[in-house]
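Each chain gets a letter, A, B and so on, in the order the sequences are listed, and its residues count up from 1.
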Amino acid sequence: MMGDNQIDLFGASDPAPATPAQKKPERETGEKKKPGLYLLDGMAMVYRAFYALQQARMRTRDGVPTGAVFGFASSLLRIIEEYQPEYLAVAFDSPEKTFRHEKYEAYKANRPAPPDDLITQLADIRELIKAFGIPLVIMPGFEADDLIGTAARKFEDDCQVFIVTPDKDMSQLVHDGVRLLKPGKKQNEFELVGSREVAEQFGAPPEQFIDLLTLTGDTSDNIPGAKGIGPKTASSLLEEYGSLDNIYAHLDDLKPRARKSLEEFREIMPLVRELVTIRTDLDVPLTLDDLHSGKPDADALFALLRRLELKAIAARVPAALGIDPPAATATDGESDPEASEVSAEPTLIPAGEGSEYHLIDTEEAFGKLLEKLEQADSFSVDTETTSLDTFEAELAGISFSLEPGEAFFVYFGETGLDAKTTVAKLKPLLENPEIGKTGQNLKYDILVLKNYGVELQPVEFDTMLASYVLDPESRHNLDDMAALHLSRQTVKYDELVGTGKSAIGIFEVEPQKLSDYACQDADITLKLRGELAAKLEATPELLEVCRTLEFPLVRVLADMEHQGVSIDTEHLAKLAVKVNEELVGLTERIHEAAGETFNIDSPKQLGHILFDVLKLPTKKATKTGYSTNVQVLEELALLNPIAAEVLEYRSLQKLKGTYIEALPKLLHAATGRLHTSFNQSITATGRLSSSNPNLQNIPIRTDLGKEIRRAFIPSNPENLLLSADYSQIELRVAAELSGDPMLIEAFRNHEDIHAATARVIFDTDEVTSDMRRKAKEVNFGVLYGIQPFGLSQRLGIPQKEAKEIIDTYMAKYPGMFSALQTTVEEARKLGYVTTLMGRRRYVPDLNSPNGNIRKAAERVTMNTPIQGTAADIIKYAMCTISRRLKEERLNSVMLLQVHDELLFETPADEQSRLTELVEKCMVDAASKCGVRNVPVEVETGVGKNWLEAH
DNA sequence: TGCGCCACCTA
DNA sequence: GTAGGTGGCGCAC
């Protein structure tokens, strides 16, 4: 990487300071401000920049990755802009093995090689530092940490030292004159970390930090700590005994578990301590002058930034470094507007610039527009309304764009046209199946127009969903997409009407301004369609996901939301009375047992009662105190009945607050029903989500939960509810993906799959219920990206046992084993995972240097094809069912989707036809989506309410 | 009023 | 161990 192998420093081309060197501050003038010395932890900052900007996928037009360079340069500039450092240097590790490798073979052995995209940027970063005129410090055999530690110690009397690093291990260097600057959550913000902050964050002051790190070890460097001793235990031990040596001097006072662990650890402790200790005593010929920036090389710097198309950085350089771009290579502002898509902070042009927008507020102008629209075969449309609630919303106007660069706004305000009659004139073309409609979140427009008797169709392209399919975890709102894909700065809705109390109604906005805003949205939407469609076409399977699943589903979901579902408020009212009585009793008993009244809903107060007042043993800590969650309370229930009462209280309170009392309030005044929103562009896997209210998490497990389900009833009392759900769909998908013959065979034979798994992994025909339970957890584990830690937690067994179970499973189902492995390997190479239909999810963290983050990404990678394929299947089924219901002219309607279940309302005489149709569509959907080797089963039920139907 | 955190509901 | 949403508390603004 850093190719130079000179023994000593190599730095700026010109060691002479750009400004006359500050005189070293005189000793005695303690008041006088000391110069600042800023030491950058190079590689750590590079890594951080790389991952922080990975999502943005920054590249030059030629595809050269630039995110890390951008992030690093931006941080560097920020330091210069904000602190104007007298001394500034960047340290990097030497490429050779260091003394730590010699002492400990496995040092950093678990570090994966840096991703290719990062490696290619290292040379650029190095060039950048040189062009900035900043000294680069590298010494063979030593890591950047040690160089920084040594420099910090050496110069802390003469300077205020700031170590710029995201690495917590550096906390040990914090001292009177030494502080850390840690990159914050927001790009380009730094958090100043002094002694107090270290103590707050880690529960140990910097002086104890080495001992703390020794005890816990450092997984990222593959350095073991004392087993079973985590940060919390370590810091409380250190608080009590002051130092590691003193802890060892008092081993006998410790709890047996900690003692045993520390005894085992004793042998390697000195080595660990040496490994985690950052050296501050290297014998290196470093002088303060070596750390002084030289003159920046303007030619080299601007040439580099130009090559990498980092305009935003180039723009900051003149002010920060006091240099100007060479005349010939001046950064281009206007000359090349299209080029900026890939740069991080492209100069955005106003969205409306270069476009023609027309306010339509006369019959004559409207007549002309109508003619145009009738002759079009496709256009974009956007409604402006008085409310985000689609049932309340009144139209303020509708904008259209037939070709990029021109848009029209039909205005319904006082000075405009009459909404009702105008919409009636638009109706035939809005409903014309031959004229394709493009929009941003068309479901909203469909719902609004329904109130005006218009069934907007067909959904030819939805930019929000196209963006979602291209990258589900990117941002899908119009403003961000305009900036990202079009380098356009949009006028925001808030800028139009203001915010908070000073916000005005949409009809109070000046018509011309509203028109420009609305036209902008239609215009941008159509332009975005062009960009997004091109990207989809480059990946045909993603285009197919849009065409066959997402776009057709928009109408289906709009219809479901509009339909709504009825609930039996009287039933809920009765439940409320019962639950309230029980809660009053529980509250009394809990307060009595506590000896005082307190707020049971407050985990903080509850913790105080349980652990301070009643002195019950603590089990688990959270960030803010001791955990009082279900697992903890269940354990405590064995010691004190109050815990069981609290559990009961919690469960009742939750159901009461979230459902029994909340749902009746959410009934819509106009329809008397519950209208959820099905969000189609939220989840990373392709599932839907539901909100306002969330009807995908209605209780079912407990008795009270079942009673809540009983409250969901048909809108027409003559009708019935029909529920149809896929049986074990995710396991079947997993079996299909694995191709594992044993697993597939079990499904073909209609076996009890958990029992079958138990038989295989426990190698017996006598499967006990406990074996089945464990096997069930293993099966779930496979779906969730199985790892020993997780299974051990779920089953409450040691990690070692969990590992054995997993090993056995994988040995018995080799197809599953290799499929999971291949999935992760492929994803690591490609950067994304796919469902059977080709839906994508990017998983950049598979290359993270942080073991925990990487493992989490591996689980995501294993789960996404399974969860995502199941989501694709039910989406496909919903589309075909909706179509078939219309074709068959049935009066049944789809009400809800709950991931593997569909709920319908049906007239009694359609019940059997509906059942047959739904079953067939659901089963067929699986094979259409690629599940062809494993049979898929659907279970249906009918009843007077959701509980009976299920 | 907004936000992070904890806890807990679903598939 | 995967994917979501909501309610209440407690704090900062």
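- Side-chain nitrogen and oxygen atoms of A/Ser689 include at least one within less than 4.0 Å of the OP1 or OP2 phosphate oxygen of C/dG5.
- When distances are taken from the side chain of A/Thr624 to each of B/dA7, B/dC5, C/dA3, the shortest belongs to B/dC5.
- What separates NZ of A/Lys776 from P of B/dA11 is a distance of 11 Å, to the nearest Å.
- Within the nucleic acid shown, A/Leu791 comes within 4.0 Å of at least one base atom, counting heavy atoms only.
- Counting non-hydrogen atoms under 4.0 angstrom, A/Leu688 reaches nothing in the nucleic acid.
- For A/Lys620 and A/Glu634, the salt-bridge test fails: no basic side-chain N is under 4.0 Å from an acidic carboxylate O.
- Within 3.5 Å, a donor on the side chain of A/Arg687 pairs with an acceptor on the base of B/dA11, or the reverse.
- Contact annotation: the side chain of A/Phe712 approaches that of A/Leu674 to within less than 4.5 Å [non-hydrogen atoms, C-beta and beyond].
- Distances shown here put every side-chain N or O of A/Ser691 at or beyond 4.0 Å from the OP1 or OP2 atom of C/dG5.
- As a whole-Å value, the separation of A/Asp725 CG from B/dT10 P is 15 Å.
- Distance CD (A/Gln653) to P (B/dC9): 12 Å, rounded to an integer number of Å.
- When rounded to the nearest whole Å, the span between NZ of A/Lys656 and P of C/dG8 equals 9 Å.
- In the set B/dA11, B/dC9, C/dG4, B/dA11 carries the atom at the smallest distance from any side-chain atom of A/Tyr784.
- For the pair A/Gln867 CD and C/dG1 P, the computed distance is 16 Å after rounding to whole Å.
- For A/Asn679, counting side-chain heavy atoms from C-beta on, the closest listed nucleotide (C/dG5, B/dA11, B/dC6) is C/dG5.
- A sub-4.0 Å separation between OP1 or OP2 of B/dA7 and a side-chain N or O of A/Thr628 is present.
- Nucleic acid contact class of A/Lys654 (heavy atoms, under 4.0 Å, all strands): base.
- When heavy atoms are screened at a 4.0 angstrom cut-off, A/Arg794 is found touching base atoms of the nucleic acid.
- No contact: A/Val782 has no heavy atom under 4.0 Å from any strand.
- Considering only the side chain of A/Asn694, C/dT6 comes nearest among B/dC6, B/dC8, C/dT6.
- Minimum atom distance to the side chain of A/Ala662 is reached by C/dG7, of the listed C/dG10, C/dG7, C/dG1.
- Distance from the side chain of A/Ser602 is smallest for C/dG10 among the nucleotides C/dG10, C/dG5, C/dA3.
- Aromatic ring centres of A/Phe598 and A/His608: separated by at least 6.0 Å.
- More than 12 heavy atoms of other residues, nucleotides or ligands shown are found within 6.0 angstrom of NZ on A/Lys706.
- With A/Arg732 contributing its side chain and A/Ser727 its backbone, the two residues share a donor-acceptor pair below 3.5 Å.
- Residue A/Ile866 is out of contact with every strand shown, counting any heavy-atom pair closer than 4.0 Å.
- In the interface, the side chain of A/Gln696 is not paired with the base of B/dT10 through any donor and acceptor atom under 3.5 Å apart.
- Annotation: A/Lys619, atom NZ; neighbour count of heavy atoms from other residues, nucleotides and ligands within 6.0 Å is above 12.
- The distance from atom CZ of A/Arg732 to atom C1' of B/dA11 is 16 Å, rounded to the nearest whole Å.
- Close to B/dA7, at under 4.0 Å from its OP1 or OP2, lies a side-chain N or O of A/Ser627.
- Checking C/dG1, B/dC8, B/dC9 against the side-chain heavy atoms of A/Tyr659 singles out B/dC9 as nearest.
- Within the nucleic acid shown, A/Ala870 has no heavy atom closer than 4.0 Å to any nucleic acid atom.
- The side chain of A/Arg701 contributes no N or O atom lying less than 4.0 Å from OP1 or OP2 of B/dC9.
- The distance from atom CG of A/Asn779 to atom P of B/dA11 is 18 Å, rounded to the nearest whole Å.
- In this entry the distance linking OH of A/Tyr649 with P of B/dC8 reads 12 Å, nearest Å.
- Closest to the A/Pro603 side chain, of the nucleotides B/dA7, C/dG1, B/dC8, is B/dA7.
- The pair A/Asp770-A/Arg773 meets the salt-bridge criterion, since a charged nitrogen lies less than 4.0 angstrom from a carboxylate oxygen.
- You'll find that the side chain of A/Ser651 is closest to B/dC9, out of C/dG1, B/dA11, B/dC9.
- The phosphate of C/dG8 has neither OP1 nor OP2 within less than 4.0 Å of any side-chain N or O from A/Arg650.
- Comparing atom distances between the A/Asn863 side chain and each of B/dA7, C/dT2, C/dC9 picks out C/dT2 as nearest.
- A/Ser690 comes within contact range of the sugar-phosphate backbone alone, with a heavy-atom separation under 4.0 Å but no base atom that close.
- Nucleic acid contact class of A/Glu661 (heavy atoms, under 4.0 Å, all strands): none.
- Across all strands shown, A/Lys604 has heavy atoms under 4.0 Å from sugar-phosphate atoms exclusively, and none from any base.
- Side chain of A/Ser690 to main chain of A/Phe678: no donor-acceptor pair is present (N/O by atom type, distance under 3.5 Å, no hydrogens or angles).
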